[in-house]
Number of protein chains: 2
Amino acid sequence: MAASAGRPSRVATLPPRERVLDAAEELFRSEGIRRVGVQAIAERAGTTKMAIYRHFGTKDALVAEWLRIVAAEYQAAFDRVEADHPGRPREQILGLARFIAEGLPAISHRGCPFINSIAELPDSSHPARRVIEEHKAHQTRRLVGMCTEAGLPDPGQTAAAITFVLEGAQVSTHNGSIDHVGDRLMRIAEGILDQHLAPLGASRAPAG
Amino acid sequence: MAASAGRPSRVATLPPRERVLDAAEELFRSEGIRRVGVQAIAERAGTTKMAIYRHFGTKDALVAEWLRIVAAEYQAAFDRVEADHPGRPREQILGLARFIAEGLPAISHRGCPFINSIAELPDSSHPARRVIEEHKAHQTRRLVGMCTEAGLPDPGQTAAAITFVLEGAQVSTHNGSIDHVGDRLMRIAEGILDQHLAPLGASRAPAG
DNA sequence: CCCATGTGATACCGATAGGTATCATCAGGT
DNA sequence: ACCTGATGATACCTATCGGTATCACATGGG
């Protein structure tokens, strides 16, 4: 078996398509889209360019597929957080914030893949852009829904505030230390919800 | 065809270095850094690649110089807002938010150049990265200073909240309409300041 | 008048990228 | 045993990009 050395046995029986997506995940996330060539992805996936083009057609399509998977993971987190706190929209929103906060160390210094991808793909006709836009729209819709359920007086405004803070926290991972970013994010999110709820029932329990 | 046709007379006597920086500003901001070649910048500036390399040495240096100028504009806005409301840190912070809010339509759908540039330059050794980091550090320092002056109990926390919201608002210009983003940003910033000031004077005037 | 400088123009180089064609190989099903 | 489809390997094409070398010209100072 002369050629056996090049075979990456770590993922052994994983089909090439999955290996390619895994490699793309790692490389796109850590180094960006345009900096990573198809050849590099193929090597990391233990396969060849041809296999990638056979499965995805173009690099753009691979990028879109990758973002589709990332978006699905975010939506799964949404589902989870919703299921974990049924009928408690405030806890759901904070759970979402916690999901982002806990993910900050993992994306350390590389920020949110959606934000980064948009920056790298200014061409709005790129297939990946549709994926991002749909994901963002979906996320906004769900967040506004939660805010509405929570009885917030201006769900759109509160959802915007939460969204801004979530995105801003992710962006801030680019700069300096991220030591307290997660904690800060949680406190800020709680503060926003408390404040936007305040005009409602006047005296609510401030304990926390 | 004499050579006179190719001469861009619109900016006439502006020296080539300035024309290049103007062209870079337009192209980098609207299309990103990596998508824009040196050749394209030269053409838009009405000059040639050689002139660019004579003045800046490398494309990376040009990118850094461009961001240095953008950073200077932001800091000038900081200065302005500080001078407009001397001794009134709360108004200064809100003035800063207003500066961002009013700039949103201009950066419509292209977000903040710093955020985008970081996404496009994952290599932290890139000369432009130093410019960005210094700018962000400077901005944070000033914002924390304002929060401290304002007598806020936890200036770091409040500065982080303001920063997150400011960055988040700029990121959100990528998606959908930006109709109310400016107004929303202002209301959110005001809310944060009010709320973080609240623990101080107990009974605060809720009037708008 | 002449020379130095800054600039425009063009051609080119090496590297890399996305994408394709071709052939060898290996697995599974009949 | 054979055929088929998916995969691996390699070589190649074309385009673009950052960067350089070279030449032409225009200007302004001595």
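The chains referred to below are lettered A, B, ... by the order of the sequence lines, with proteins before strands, and numbering in each begins at 1. Below, each value reflects all heavy atoms present in this structure, side chains not excepted, and no hydrogens, waters or symmetry copies.
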Round to the nearest Å and state the distance from A:I33 atom CD1 to C:dA17 atom C1'. 15 Å
Between P on C:dG8 and CD on B:Q39, what's the gap in Å once rounded to a whole number? 13 Å
In whole angstrom, what separates B:F56's CZ from D:dG19's C1'? 16 Å
Please write out each protein N/O paired with an N/O of nucleotides 19-24 of chain C under 3.5 Å, distance rounded to 0.1 Å.
{"residue": "C:dG19", "atom": "OP2", "partner": "A:Y53", "partner atom": "OH", "Å": "3.2"}
{"residue": "C:dG19", "atom": "OP2", "partner": "A:K59", "partner atom": "N", "Å": "2.8"}
{"residue": "C:dG19", "atom": "N7", "partner": "A:K49", "partner atom": "NZ", "Å": "2.8"}
{"residue": "C:dG19", "atom": "O6", "partner": "A:K49", "partner atom": "NZ", "Å": "2.3"}

Would you say a side-chain N or O of B:H55 is under 4.0 Å from OP1 or OP2 of C:dG6? no
Looking only at side-chain N and O atoms, does B:T48 come under 4.0 Å of OP1 or OP2 in C:dA9? no
Can you tell me how far the CG atom of B:L121 sits from the CZ atom of A:R35, to the nearest 0.5 Å? 8.0 Å
Could you check how far CD1 of A:I52 sits from P of D:dG8, rounded to whole Å? 10 Å
If the condition is ring-ring contact (aromatic ring centres under 6.0 Å, His included), which residues does B:F78 pass it with, not counting sequence neighbours? none
Expressed in angstrom and rounded to an integer, what is the separation of B:R35 atom CZ from D:dA15 atom C1'? 14 Å
Applying side-chain contact (heavy atoms from CB on, under 4.5 Å), run through B:D79 and B:R142 and close with a yes or a no. CA-CA 10 Å; B:D79 294 339; B:R142 277 181 96 154; 2.6 Å; yes
Identified side-chain contact (heavy atoms from CB on, under 4.5 Å) partner of A:E65 from the options A:V20, A:D60, A:L21, A:V131: A:L21
Between P of D:dC17 and CD1 of B:I41, the distance in whole Å: 11 Å
Pair A:E190, A:R187 - check salt bridge (Lys or Arg N to Asp or Glu O under 4.0 Å), show working. CA-CA 5 Å; A:E190 288 169 12; A:R187 288 177 55 196; over 6 Å; no
Find the distance A:L14:CG to D:dA6:C1' and express it as a whole number of Å. 16 Å
Rounded to whole Å, CD of A:E43 lies from P of D:dT10 at a distance of 11 Å
A:G87 and A:Q92 have their tightest heavy-atom pair at N-NE2, 4.0 Å
Less than 4.0 angstrom between a side-chain N/O of A:R19 and OP1 or OP2 of D:dG8, yes or no? yes
Do you see a donor-acceptor pair shorter than 3.5 Å between the side chains of B:H135 and B:Q139? yes
